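Here is the structure we will look at, set down as structure tokens.
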Amino acid sequence: MDGIGNTMQKKAAELERMAEVLVTGEQLRLRLHEAKVIKDRRHHLRTYPNCFVAKEIIDWLIEHKEASDRDTAIKIMQKLLDQSILHHVCDEHKEFKDMKLFYRFRKDDGTFPLDSEAKVFMRGQRIYEKLMNTENTLLQTREEEGVTYERTLVALEFIDWLLQEGEMPTREEAEQLGRRLLEHGIIQHVSNKHHFVDGGLLYQFRMNFRRRRRLIELLNERCRSIPENHDSPFCLRKQGSEGGNTSFLSVSPTKEIKLVSAVRRSSMSSSCGSSGYYSSSPTLSSSPPVLCNPKSVLKRQVSPEELQAPGGPYIKKTFTIVGDAVGWGFVVRGTKPCHIQAVDPGGPAAAVGMKVQ
């Protein structure tokens with residue numbers, strides 16, 4: 001039995017790694033489309049649609065702090081090429097080269113190898129996004145066996161929704177889809193005691209497709225995926241009841257927002273240059289990416305009056321944040337005043353100098 005259990009664990013780990021590569025590659029593809037890096041290009045009187053230039057993408061990765069140097073950028077893109085996420089437009093190069101060569105994401109030309117495993121993850125991601133983007137009452141805080149769980153799905157209601165949305169034609173097939181989503185680590189029973197069954201049991205999404213993956217995670221086994229523990233504000237689920245305000249800011253990506261924040265004057269020395277302004281992007285180093293959120297710069301609770309008092313220890317700072325295909329990369333909690341609970345080190349908010357407060 002131990003051998004079977006170890007085999008299943010290894011299989012689950014392999015599926016999780018594959019899912020991370022797929023999601024990371026798709027997030028990069030969307031970002032490059034938005035940045036107009038992917039576009040139709042001509043060479044020798046021939047047009048190659050939806051492609052990018054290898055040399056330019058390496059420049060882009062370094063500029064956007066996704067790689068510390070050209071060698072690292074090449075390794076990241078090679079990883080995606082090896083996993084059939086992208087390819088040379090004429091399939092003449094199996095290696096990603098720092099040259100003026102055209103490459104293309106396979107999803108942009110319909111050549112992505114849709115094996116059964118990839119199909120499950122893509123189906124799971126589509127269902128996840130549809131649930132997140134539409135108004136419904138499926139995801140709610142509920143109790144099971146005396147324990148409170150946030151953002152849960154009732155299996156039978158989830159199946160009803162799948163049928164209503166035309167995702168599956170019959171309840172039996174919808175239940176089978178739920179079982180596959182669970183087997184691939186996309187959803188799970190709230191206490192991991194049951195497989196997916198058409199009934200009143202509670203389930204949660206285990207995988208957060210919207211978490212912004214850093215491309216460097218593809219190269220580092222230990223950093224391949226950030227554990228989404230129950231204390232992480234980037235996790236879509238939390239087990240157990242917790243006190244306090246749990247409200248958060250939810251906005252659609254690819255929009256520009258302005259956020260007014262109060263910052264302690266003395267804290268600016270660590271993040272400002274001689275000009276007294278925040279740097280436009282975080283300092284780049286060759287060290288591995290930070291996988292946790294920095295500590296708050298506030299040592300105690302602060303009232304709105306203190307924040308707005310003329311000549312006080314806090315100054316008003318306006319951040320203009322341009323969201324990417326994933327979001328803005330920060331979490332707002334609390335009321336009167338609200339505060340920044342978490343900042344994704346690789347996100348747009350961190351790039352303009354936002355800090356945890």
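Being a predicted model, the structure only gives us computed values, none of them experimental.
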Taking only Lys NZ, Arg NE, NH1 and NH2, and the carboxylate oxygens of Asp or Glu, determine whether [X] and [Y] approach each other closer than 4.0 Å.
X	Y	result
Glu129	Arg123	no
Lys79	Glu217	no
Glu150	Arg142	no
Glu26	Lys107	yes

Shortest non-hydrogen contact from [X] toward [Y]:
X	Y	answer
Ile186	Val120	CD1-O, 3.9 Å
Arg151	Leu139	O-CD2, 3.8 Å
Gly25	Ile85	CA-CG2, 4.1 Å
Leu138	Glu157	CD2-O, 3.7 Å
Glu144	Leu202	OE1-N, 2.9 Å

Next item on the list: Kindly say whether the aromatic ring centers of Phe102 and Phe52 come within a distance under 6.0 Å.
Entry: no
Checklist line | Near-ring test His184/Phe121, centroid separation under 6.0 angstrom | finding: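 Centroid separation for Phe121 and His184: below 6.0 Å.
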Check: Could you give the distance from CG (Asp160) to CZ (Arg171), rounded to the nearest 0.5 Å?
Finding: 4.5 Å
Next item on the list: Mark yes when over 12 heavy atoms from residues, nucleotides or ligands other than His195 sit less than 6.0 Å from its NE2; otherwise mark no.
Entry: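 Yes, because the 6.0 Å sphere around NE2 of His195 holds more than 12 heavy atoms from other groups.
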Margin query: A quick test of your reading: do over 12 heavy atoms of other residues, nucleotides or ligands sit less than 6.0 Å from NZ of Lys130?
Written below: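 Yes, NZ of Lys130 has more than 12 neighbouring heavy atoms, counting only those of other groups under 6.0 Å.
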Check: Taking the six-membered ring for Trp, are Phe196 and Phe158 parallel (under 30°), tilted (30 to 60°) or perpendicular (over 60°)?
Finding: perpendicular
Next item on the list: Applying side chain to side chain donor-acceptor pair (under 3.5 Å) between Ser191 and each of Gln188, His189, Lys193, report the one that passes.
Entry: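 Checked Gln188, His189, Lys193 against Ser191; only one passes side chain to side chain donor-acceptor pair (under 3.5 Å): His189.
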Notebook entry, point to check: Are Leu163 and Ile127 grouped together when hydrophobic residues (ILVMFWY) are joined by side-chain heavy atoms under 4.5 angstrom apart?
Noted result: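 Yes; Ile127 is reachable from Leu163 via cluster members.
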Note to self: Quiz question: by atom type and distance under 3.5 Å, do the side chains of Glu173 and Thr170 form a donor-acceptor pair?
What the structure shows: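 Their side chains do contain a donor-acceptor pair, which is all the 3.5 Å distance test asks for.
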Notebook entry, point to check: Does the side chain of Tyr48 come within less than 4.5 Å of Asp40's, by heavy atoms?
Noted result: no
Note to self: Pair Asp108, His33 - check side-chain hydrogen bond (donor to acceptor under 3.5 Å, both in side chains), show working.
What the structure shows: CA-CA 10 Å; Asp108 284 332; His33 270 290; 2.9 Å; yes
